[in-house]
Structures are given as structure tokens and as C-alpha cells.
Amino acid sequence: MTRVAVLGAGITGVTTAYALAKRGVNVTLIERHRYAAMETSYANGGQLSASHAEVWNHKATILNALKWMARRDAPLLLHPWPSWHKLSWFAQFLAAMPAYERNTIATARLAIAARAHLFAWAQEEHIDFDHRRAGILHVYRDQRGFERAAGVSRLLAQGGLERRAVTRQEMRAIEPTLQGDFYGGYYTDSDSTGDIHKFTSGLADACLRLGVACRYGAQVTALAREHGKVRISVGEDSTLFDAVVICAGTASRAMAAMLGDHVNVYPVKGYSITVQLDDAASRAAAPKVSLLDDATKLVSSRLGEDRLRVAGTAEFNGFNDDIRADRIRPLVRWVEQCFPGVNTRKVIPWAGLRPMLPDMLPKVGPGKAPGVYYNTGHGHLGWTLAAATAEMVAEVLLSSSAANR
């Protein structure tokens with residue numbers, strides 16, 4: 001039987017281990033933390049959002065980054081200090097701009113495909129992850145943003161996603177608790193939300209039941225090709241595997257380099273807050289429909305009855321996961337302005353590093369050397385895309401293994 005190591009137990013690693021184990025593969029899941037889903041898969045925005053499939057390789061992103069550089073609380077914060085990693089990433093980001101439309105359509109298709117797998121797995125394994133199928137409402141504060149969104153909707157439609165324009169009055173009907181001056185919106189009723197940490201933890205338990213060897217608290221120190229196999233060193237111990245799938249988030253770049261591959265993942269920091277809705281008035285005043293505010297680049301998701309998750313912003317500052325008060329403050333302020341009846345006395349802040357590739361598409365498939373595979377670089381859409389990319393890499397790996405027998 002083929003022995004496969006999956007490196008990383010975030011959403012991409014756990015879904016990959018599960019997809020392989022369901023196919024009868026002997027899988028070892030290796031994770032440096034004591035538990036699954038303790039980094040970027042811990043407290044994200046919660047959206048399973050095909051409607052958020054637009055890639056960032058657009059001139060509007062560049063203009064906003066330059067405009068906001070002097071603002072410490074900017075939705076997109078580009079620190080000016082140069083590094084070779086940052087410069088090379090942005091050079092490739094600019095080079096991918098001509099593929100903006102093609103990559104947006106491809107991402108939408110992938111997001112739609114992922115839904116069926118994720119929902120089926122949750123049902124089969126009885127995973128309660130506060131899943132809410134109430135759609136996602138994108139809101140726009142001016143005509144310019146709303147009209148630009150019409151073009152994005154046309155691209156999403158080519159990818160198979162229906163997203164309809166709604167008036168201010170229709171927005172109020174969809175989410176009556178929303179306060180503020182908005183021009184209009186777009187609503188995707190097929191999108192949904194859920195707690196990524198609960199889902200990933202539940203699927204990790206399912207992996208154990210399927211016979212996956214889960215090695216938690218295990219830091220990978222070296223990777224090397226050896227006699228047609230892959231040697232993985234964890235501390236003083238090393239083991240030979242027939243194949244490895246790297247799903248290590250922002251650590252994927254360093255791991256790939258050990259195996260002769262260049263996977264230019266950059267750590268783009270995002271922030272979230274979880275507002276505890278401990279009183280009846282707050283629960284009534286908090287939104288039930290998931291939102292994306294285009295002007296602030298913030299998203300919100302209702303997780304169960306007593307939690308509201310608000311997340312967003314993008315910070316290019318290297319491997320820095322500090323939680324900054326000046327970056328958290330706009331999230332709290334957004335809740336207080338848009339949902340003034342929500343009590344923000346109890347707010348839990350969090351920050352995570354999204355693994356982003358310059359063209360905004362995940363790397364899924366083989367590396368240069370036989371037996372080396374990747375499922376990484378999903379950026380802000382790991383929760384949305386992971387179930388589909390896990391299925392893809394599992395199929396490619398098994399096909400390659402069968403061909404090499």
C-alpha cells in the first residue's frame with residue numbers, strides 16, 4: 001500500500017488526508033501544533049463564498065494599496081520595507097494581471113465544486129460546524145463600487161455562479177439589522193457560512209477513525225528525496241514515505257525549497273474578532289445573513305446564536321502574526337456602526353497569516369520530483385476551496401502511483 005505523508009493539519013491538510021484515506025491510502029498527517037486547525041484555520045471570516053472568488057490581480061488593488069500606505073488602519077496595508085521575497089512576489093503578482101478574468105472564472109468554478117464535497121463530508125461524519133445556509137450579501141456604499149461589482153458578477157456567472165443585484169430596500173429585507181448609508185448590493189443565496197475550526201477538528205477526528213496516523217506536536221526539520229521516496233525528518237527521527245503532500249500554509253515555500261521546488265507563497269496577515277452575543281438584545285441586533293462590505297473589505301458571519309465573527313483586511317508585513325490594536329479597532333468600530341444594538345464589551349481578537357500565491361490560485365498537483373505533491377497557497381479562500389483541491393490532489397497522486405507501478 002502507498003504510504004503518504006501530509007504536512008500540515010489546517011483545512012487543506014486535513015481535507016487532503018481525509019480524501020486520501022477514503023481512497024484506502026495509508027496516510028500519516030504531520031502537524032507542528034498539538035491539535036488540528038490552530039493557525040490560519042482557527043478563526044477566519046467563516047464564509048464559504050464562491051461570490052468572493054475575484055482574484056486581486058487588478059489595477060484597483062494596486063491603486064488602493066498606494067492610496068492607503070499612510071493609514072495604519074487601512075483595509076489593505078503594504079509595509080514599505082523591502083525584502084527579496086516581497087519584491088519577487090509583487091513582480092509575479094503584476095505579471096499575472098492579464099489573467100485576472102480567466103483566474104477569477106476558474107476560482108468560481110472551483111468554489112462551486114468544493115461545496116458538494118464539503119457538505120457531503122459533514123453529513124457523513126456528523127460534523128456540527130454552525131453551518132448556516134442564508135447566503136452572502138455584498139454591500140456597496142457608492143455607485144462606482146456597485147457598478148464595478150456588476151462586471152465581477154458577469155465573470156462569476158461565466159464560472160457558473162448566480163449573484164443578483166439588490167436595491168437598498170431589498171438589502172433591508174434580506175438583512176433587517178444592517179444600519180448605514182448604502183447604495184446597493186449583490187446577493188448570492190447559494191453561499192453559506194460555518195466555523196472552519198469546528199469543521200477541521202471534526203474532520204480530523206474522522207481521519208483518525210479511518211486509520212490516519214496523526215502526529216501532532218511534530219515539527220518537520222528536513223525533507224529530502226531518497227531512492228525514489230521522500231525522507232521526512234521530525235526532530236531526531238526520520239521516516240521514508242512513498243509520497244508527500246505539502247499543505248503547510250505559509251511554511252510551504254521553505255518546505256518546497258528543500259525538495260527543489262519554488263512555491264512563492266507570501267504570508268498575508270488578516271485579522272478577525274469574535275463578538276460574544278451574551279444578551280438577548282445583542283442576539284436580536286446581530287445579522288443572520290453573512291455580509292461583505294466592499295468599502296472596508298470586512299466580512300461578517302453569524303456562528304450559532306451567540307457568536308458574530310468579523311474579519312478581513314490584508315497586511316503585507318512578512319512572518320509577523322502580532323495582533324495590533326490599531327488593526328483590530330476598525331473591526332470593532334464597524335460592528336458598532338452597522339449593528340449599534342450589539343454589545344461589544346466581550347470581543348476576542350485574532351490574527352492569521354494567509355498563504356497567498358501571486359496569481360491568487362492555489363498550487364495543486366505534483367512538484368518537479370516524483371512523489372512530491374502540493375495543495376497550498378489558497379490565500380483568503382482556503383475554507384471555500386479546500387474540499388475541491390483535496391479531491392484533485394488525491395486523484396492526481398493515485399493516478400501517478402498507479403502509472404509508476
Side-chain angles (χ1 to χ4, degrees), residues 42-47 49 52 64 67-68 70-77 130 132 134-142 145-146 149 166-187 191 193-197 269-315 322-352 380:
Y42 187 75
N44 76 346
Q47 291 188 332
S49 51
H52 201 22
N64 283 334
K67 179 178 66 177
W68 289 332
R71 282 180 51 190
R72 292 176 64 85
D73 64 347
L76 174 59
L77 183 59
D130 293 327
R132 185 183 293 267
I136 293 179
L137 176 64
H138 289 225
V139 297
Y140 300 89
R141 296 171 185 264
D142 56 39
F146 180 79
V166 291
T167 65
R168 280 178 291 185
Q169 292 73 24
E170 289 172 316
M171 286 168 53
R172 303 299 181 200
I174 293 168
E175 183 44 72
T177 64
L178 177 64
Q179 303 294 312
D181 185 18
F182 296 97
Y183 180 85
Y186 277 85
Y187 180 57
D191 275 343
T193 57
D195 188 321
I196 188 174
H197 183 75
K269 182 159 54 170
Y271 292 84
S272 80
I273 57 171
T274 303
V275 184
Q276 295 297 137
L277 308 173
D278 290 339
D279 57 275
S282 291
R283 289 192 288 273
K288 290 183 169 58
V289 172
S290 182
L291 301 168
L292 188 150
D293 186 340
D294 183 68
T296 60
K297 308 301 180 188
L298 295 180
V299 306
S300 70
S301 298
R302 185 74 172 263
L303 302 177
E305 287 303 309
D306 60 355
R307 291 184 299 154
L308 175 65
R309 176 75 47 77
V310 177
T313 77
E315 184 177 326
D322 294 345
I323 300 175
R324 291 173 40 180
D326 59 349
R327 304 291 286 160
I328 291 294
R329 200 172 299 117
L331 280 65
V332 178
R333 188 164 58 240
W334 185 85
V335 174
E336 294 170 347
Q337 290 173 349
C338 294
F339 305 99
V342 171
N343 188 322
T344 54
R345 183 177 288 114
K346 190 182 292 186
V347 170
I348 303 168
W350 175 84
H380 64 298

If every non-hydrogen atom of Leu308 is compared with every non-hydrogen atom of Pro287, which pair is closest and at what distance?
CD1-CG, 3.9 Å
Which pairs, with at least one residue in residues 280-289 and sequence neighbours excluded, count as a side-chain hydrogen bond (donor to acceptor under 3.5 Å, both in side chains)?
Asp279-Ser282
Quickly, which of Thr296, Asp293, Leu292, Asp294 forms a side-chain contact (heavy atoms from CB on, under 4.5 Å) with Val139? Name it, please.
Asp293
How are the rings of Trp350 and Tyr42 set relative to one another: parallel (under 30°), tilted (30 to 60°) or perpendicular (over 60°)?
tilted
Contacts of His138 that satisfy ring pair (Phe, Tyr, Trp, His ring centres under 6.0 Å) - sequence neighbours left out:
none
The side chain to side chain contact (heavy atoms under 4.5 Å, CB included) partners of Glu336 (sequence neighbours excluded) come to Val332, Thr344
Assess whether side chain to side chain contact (heavy atoms under 4.5 Å, CB included) is satisfied between Thr313 and Leu331, documenting all intermediate values.
CA-CA 9 Å; Thr313 77; Leu331 280 65; 4.2 Å; yes
Would you confirm whether Ser290, through its side chain, and Ser300, through its main-chain N or O, come within 3.5 Å as a donor-acceptor pair?
yes
Could you please spell out the steps behind the salt bridge (Lys or Arg N to Asp or Glu O under 4.0 Å) verdict for Arg324 and Asp322?
CA-CA 6 Å; Arg324 291 173 40 180; Asp322 294 345; over 6 Å; no
Quick one: does Arg132's side chain have a donor or acceptor within less than 3.5 Å of a partner on Leu303's backbone?
no
Residue pair Thr177 / Val342, side-chain heavy-atom distance below 4.5 Å
no
What are the two closest non-hydrogen atoms of Met171 and Gly184, and how far apart are they?
SD-C, 3.2 Å
Donor-acceptor pair, Ser301 side chain versus Arg309 backbone, under 3.5 Å?
no
If you look at every heavy atom in Val289 and Glu175, which pair is closest and at what distance?
N-OE1, 2.9 Å
